[in-house]
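Just so it is clear, the values below take in all heavy atoms, side chains as well, and ignore hydrogens, waters and symmetry mates. Positions are given from 1, in the same order as the sequence printed here.
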Amino acid sequence: MGNGAPTVTVVVSTYDDKRWDDLVSCIGSLQRQTSSQLETIVVVDHNAELLEKARAEFPRAAVIPNERPRGLAGARNSGIAAAKGEVIAFLDDDARAEPEWLEKLTGCIADPATVGAGGRLLPLWQAPKPRWFPREFFWVFGCSYTGLPEALAPVRNPIGANMAVRASVLAEVGGFREGESADAPREIKSRGVVRGGGNVPDDTDLAIRVKQCRPEAVWLYQPEATVLHSVTPERTTLGYFLRRCYEEGTGKANLSRYVGADEGLSSERRHLAFVLPRGVVRGLTGPLRGDPAGPLRAAAIVVGVLVSACGFIIATFSDQRESG
């Protein structure tokens, strides 16, 4: 990158042969960027056959194994350890970057106070979009949701599937928090399994730990840095929706134990107090605007909140029992 811009490493982690076509599309999208990157690192998470296949397919990328514990956090940390760039950008293997993605994302980090930035993730539907699925819950499958800024603005944390962070900052906080279990489902984005029977959202955890080390630190959300994130049919089912809501509740309970409830739940409180009630009202009044599925989305919001709350309460009491 010229004009004094920081050098950039892009890290893509992958783990499953079934996502091969997505991975090929992802790497192809990186080769069409308007801003060049110093290097692309593909981290293969404990899959020897996929490692050799990727090395043969992507000769221009550095394809390396995850030398850390199995899981997304460990894979990203392996990529961080191998990276040479001053800024490290992270992209999921089932995401396709728009041509200006890297330019827009890294352009946010010119100010020394900005430690990192995230971009917009739009769903790339592999099946018809369910009419009952509320946009306020698009985080369920790792996409940008109603309530995020519509223009460049500070946020508590970016979404890990589309983010860039200064390498020096990652080194300062020790990278992503790795889980204690190798059995955490990898389709749950940015997770690490911890004590108490739940998950910790490691992109949120990382951003908060950075703020605790650097109170002046700024994280930005740049909606112009866009990627398309694949949404497979199984992620659009009611069962998946309920499971992810429950796991989100357990994850936020564990996150609060690590970083404190004030910081761990700050964005969630605003979302619960302002964004979700508006979504319910908008859904209930949908039939008046010719939207008969609106009440279904309103019901999904209410159910999603209740299930998340159950996960939070159960994980909190479980931890209290273990600690007591």
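- Salt-bridge check for R177 with D202: failed, with every basic side-chain N at 4.0 Å or more from each acidic carboxylate O.
- Using a 4.5 Å heavy-atom threshold, the side chains of N157 and I208 count as separate.
- Across A89 and L102, no two heavy atoms sit closer than the pair CB-CD1, 4.1 Å.
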(message) Please determine whether side-chain hydrogen bond (donor to acceptor under 3.5 Å, both in side chains) holds for the pair S29 and R32, giving the CA-CA distance in whole Å, both sets of side-chain angles, and the decisive distance to 0.1 Å.
(response) CA-CA 5 Å; S29 73; R32 295 188 291 272; 5.3 Å; no
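- Using a distance-only test at 3.5 Å, with no hydrogens or angles considered, a donor-acceptor pair links the side chain of S25 to the main chain of D21.
- Checked for salt-bridge contact, K53 and E57 miss the test: no charged N lies under 4.0 Å from a carboxylate O.
- Side chain of Q33 to backbone of E98: a donor-acceptor contact under 3.5 angstrom is found.
- Looking only at side-chain heavy atoms (C-beta outward), R96 and C26 stay at 4.5 Å or farther from each other.
- E172 is linked by a side chain to side chain donor-acceptor pair (under 3.5 Å) to R214, counting only residues two or more places apart in sequence or in another chain.
- Taking the side chain as every heavy atom from C-beta outward, E49 and N47 approach each other to under 4.5 Å.
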List, one per line, each side-chain donor-acceptor pair under 3.5 Å for residues 272-280, sequence neighbours excluded.
none

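- Here ring-ring contact (aromatic ring centres under 6.0 Å, His included) pairs that include residues 40-71, with residues two or more places apart or in two chains, are W20-F58.
- Residues meeting the side chain to side chain donor-acceptor pair (under 3.5 Å) test with T9, sequence neighbours left out: E39.
- Legend: residues meeting ring-ring contact (aromatic ring centres under 6.0 Å, His included) with F137, ordered by chain and number and at least two apart, are W139, F241.
- More than 12 non-hydrogen atoms from other residues, nucleotides or ligands lie less than 6.0 angstrom from CZ of R289.
- Geometrically, R235 does not engage F141 in a cation-pi contact, judged by NZ or CZ lying under 6.0 Å from the ring centre and within 45° of the ring axis.
- For the pair I88 and I80, the minimum side-chain heavy-atom distance is below 4.5 Å.
- Between the D92 side chain and the D94 main chain, no donor and acceptor come within less than 3.5 Å of each other.
- No donor-acceptor distance shorter than 3.5 angstrom exists from the side chain of T114 to the backbone of A110, with no hydrogens or angles considered.
- Proximity of a side-chain donor or acceptor of R209 to a complementary backbone N or O of G175 within less than 3.5 Å is detected.
- Looking at heavy atoms from C-beta onward, F312 lies out of side-chain contact with T250 at the 4.5 angstrom threshold.
- Remark: R297 engages D291 in a side chain to side chain donor-acceptor pair (under 3.5 Å) (not counting sequence neighbours).
- Residue pairs that meet the ring-ring contact (aromatic ring centres under 6.0 Å, His included) test with at least one member in residues 200-223, sequence neighbours left out, do not exist here.
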Pair up each side-chain donor or acceptor in residues 116-135 with any protein partner under 3.5 Å, not counting sequence neighbours, and list the distances.
from	atom 1	to	atom 2	distance (Å)
R120	NE	P223	O	3.3
Q126	NE2	L124	O	3.3
Q126	NE2	S230	OG	3.4

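- Think of L288 as one node in a network of Ile, Leu, Val, Met, Phe, Trp and Tyr side chains linked at under 4.5 Å; it has no links at all.
- Here K252 pairs with E268 in a salt bridge; the nearest charged N to carboxylate O distance falls below 4.0 Å.
- Linking ILVMFWY side-chain heavy atoms closer than 4.5 Å, directly or via other members, places V305 and V140 in a single hydrophobic cluster.
- For the pair V12 and L23, the minimum side-chain heavy-atom distance is below 4.5 Å.
- At least one side-chain heavy atom of M163 sits under 4.5 Å from a side-chain heavy atom of F90.
- Counting only residues at least two apart or on different chains, the salt bridge (Lys or Arg N to Asp or Glu O under 4.0 Å) pairs with a member in residues 217-226 are K104-E224.
- For S318 (side chain) and I314 (main-chain N/O), no donor-acceptor pair under 3.5 Å exists by modelled atom type.
- Within a 6.0 Å radius of CD in E216, more than 12 heavy atoms belonging to other residues, nucleotides or ligands are found.
- Not one N or O on the side chain of R68 forms a donor-acceptor pair closer than 3.5 Å with the backbone of S78.
- T34 meets the side chain to side chain donor-acceptor pair (under 3.5 Å) test with E103; sequence neighbours excluded.
- Legend: ring-ring contact (aromatic ring centres under 6.0 Å, His included) pairs involving residues 146-171, not counting sequence neighbours: none detected.
- Using a 4.0 Å cut-off between a side-chain N of Lys or Arg and a carboxylate O of Asp or Glu, E136 and R282 qualify as a salt bridge.
- Under the 4.5 Å side-chain criterion, counting only non-hydrogen atoms from C-beta, D45 is not in contact with S13.
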